[in-house]
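Since the structure comes first, as structure tokens, the remarks are kept for the end.
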Amino acid sequence: MSFLPPESFDAWGWRLPFIAAFPLLFVALWIRARVDESPAFKQVKGEAEVRKLPAVTVIREYPRAIFMAAALAFISIGSFFLVTTFAISYGTGTVGLSSATMLIATLSAAILQIVTVLVTGRLADRIEPTRLALIGCIATALLAFPAVAALSSGSPVLAVLAIVVIVQPIAISYAVTGVILPRLFGADVRYSGVAIGFNIAGLVGGFVPLIATYLLLVSGSQWWTIAAFLLVIALISIIGTLAAQTTIRKRMNA
């Protein structure tokens with residue numbers, strides 16, 4: 001669609017990707033209908049201990065776990081919005097890169113991300129998932145300034161490389177988030193706990209591009225403010241992951 005004339009894209013071209021993606025809704029429903037309940041929840045049902053208001057129970061009995069879940073998942077959502085959604089407008093509007101360059105960067109990063117998620121998922125069968133999440137968070141923190149500096153250099157090659165590289169450690173953390181979060185909650189409220197924690201991260205993460213734009217505005221378009229913001233997001237998730245790791249180990253040893 002990006003190869004269409006601007007007037008055609010604005011008039012109707014932008015709608016086609018959404019229309020093309022619509023059948024995926026039915027694919028998702030088909031998959032979900034065939035996913036069985038976990039053995040732990042089946043046991044809860046068998047013992048007639050299903051909570052009538054699980055969300056209320058989670059908020060009352062697992063407040064720390066909710067914040068740990070939100071902090072841990074924040075890198076998966078907040079960082080991703082920053083290095084994709086915001087990066088496109090930053091690269092084209094502030095740095096002066098072409099939209100084609102940023103499109104190549106984000107598509108290349110997304111393709112490699114598929115591989116990263118699959119490989120990480122395999123590794124999670126052998127390595128503790130929280131360790132993998134920490135690796136992703138720490139790598140994101142270490143790469144924050146180099147990646148944003150490369151993106152801000154004005155070089156199309158460095159910009160593509162920066163986006164492709166920085167997305168991968170974020171993908172590592174994302175790949176194991178769904179494995180870690182359920183372990184923070186009891187089987188009787190697990191779904192509600194994960195949903196609340198993850199959606200808090202999603203709610204806050206949705207403001208990340210807006211916050212980044214504000215930081216860029218007040219700093220006079222200084223690239224390091226964006227790098228520092230990415231570093232803060234990674235640090236928040238490092239804290240959340242470490243806390244989750246401790247909590248999970250205590251639950252397993254109880």
Side-chain angles (χ1 to χ4, degrees), residues 24-25 27-81 113 116-118 120-125 127-137 140 169-208 233-234 236-254:
L24 292 177
L25 173 63
V27 175
L29 289 173
W30 179 79
I31 293 173
R32 180 63 189 90
R34 283 159 176 75
V35 174
D36 199 5
E37 298 289 359
S38 67
F41 188 74
K42 286 182 177 179
Q43 182 178 349
V44 170
K45 290 181 68 176
E47 296 173 355
E49 294 183 0
V50 177
R51 302 277 186 168
K52 292 183 178 180
L53 297 172
V56 175
T57 304
V58 166
I59 295 172
R60 185 175 62 247
E61 299 182 7
Y62 296 88
R64 287 185 69 255
I66 290 174
F67 284 106
M68 281 188 283
L72 190 153
F74 191 38
I75 193 170
S76 302
I77 302 173
S79 292
F80 188 77
F81 281 161
Q113 182 186 17
T116 301
V117 169
L118 291 173
T120 304
R122 284 289 187 183
L123 287 175
D125 291 333
I127 303 173
E128 186 180 355
T130 52
R131 291 184 181 179
L132 291 172
L134 277 174
I135 290 172
C137 292
T140 301
I170 297 172
I172 291 174
S173 295
Y174 172 74
V176 292
T177 296
V179 180
I180 300 171
L181 297 192
R183 300 181 182 182
L184 294 172
F185 306 93
D188 54 336
V189 294
R190 187 163 288 162
Y191 185 89
S192 296
V194 172
I196 293 173
F198 193 82
N199 280 288
I200 289 175
L203 177 64
V204 178
F207 288 96
V208 163
I233 294 173
I236 290 172
S237 287
I238 288 173
I239 294 171
T241 304
L242 288 172
Q245 187 178 61
T246 302
T247 299
I248 291 170
R249 287 175 178 174
K250 286 182 179 179
R251 289 178 62 88
M252 290 178 66
N253 294 329

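Along the sequence shown, residues carry numbers from 1. What you see below is based on every heavy atom in this structure, not just the backbone, and it leaves out hydrogens, waters and symmetry mates.
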OG1 (Thr241) and CG (Leu134) are apart, to the nearest 0.5 Å, by 5.0 Å
In Å, rounded to the nearest 0.5 Å, how long is the span from CG of Leu72 to CD1 of Ile238? 11.0 Å
Listed by chain and number, what are the ring pair (Phe, Tyr, Trp, His ring centres under 6.0 Å) partners of Tyr62, not counting sequence neighbours? Phe185
Residues Ala70 and Ala201: closest non-hydrogen pair is O-CB, 3.4 Å
Any chance you could measure Ile248, atom CD1, to Leu181, atom CG, to the nearest 0.5 Å? 8.5 Å
Considering non-hydrogen atoms only, spot the tightest contact between Gly240 and Ala71 and give its length. CA-CB, 3.8 Å
Atom CD1 of Ile170 and atom OG1 of Thr140: how far apart are they, to the nearest 0.5 Å? 5.0 Å
Tested for side chain to side chain contact (heavy atoms under 4.5 Å, CB included) against Thr120, the lone hit among Thr116, Leu118, Val117 is Thr116
Taking all atoms of both residues into account, what is the closest heavy-atom pair of Val179 and Pro182, and its distance? O-CD, 3.6 Å
Assess the residue pair Val176 and Ile172 against the criterion (side-chain contact (heavy atoms from CB on, under 4.5 Å)); give the C-alpha distance rounded to whole Å, side-chain angles, the decisive distance to 0.1 Å, and a yes or no. CA-CA 7 Å; Val176 292; Ile172 291 174; 5.7 Å; no
So, using side-chain contact (heavy atoms from CB on, under 4.5 Å) as the criterion, who are the partners of Arg122 when residues are at least two apart? none
Shortest non-hydrogen contact from Gly205 to Ile77? CA-CG2, 4.2 Å
Is any side-chain heavy atom of Thr246 less than 4.5 Å from a side-chain heavy atom of Leu242? no
Once rounded to the nearest 0.5 Å, what's the spacing between atom CD1 of Ile239 and atom CE of Met68? 13.0 Å
Residues at least two apart in sequence or cross-chain that pass side-chain contact (heavy atoms from CB on, under 4.5 Å) with Ser237, listed by chain then number, are Phe74, Ile75, Cys137
Hey, could you give me the CD/OG1 distance between Gln245 and Thr247, rounded to the nearest 0.5 Å? 10.0 Å
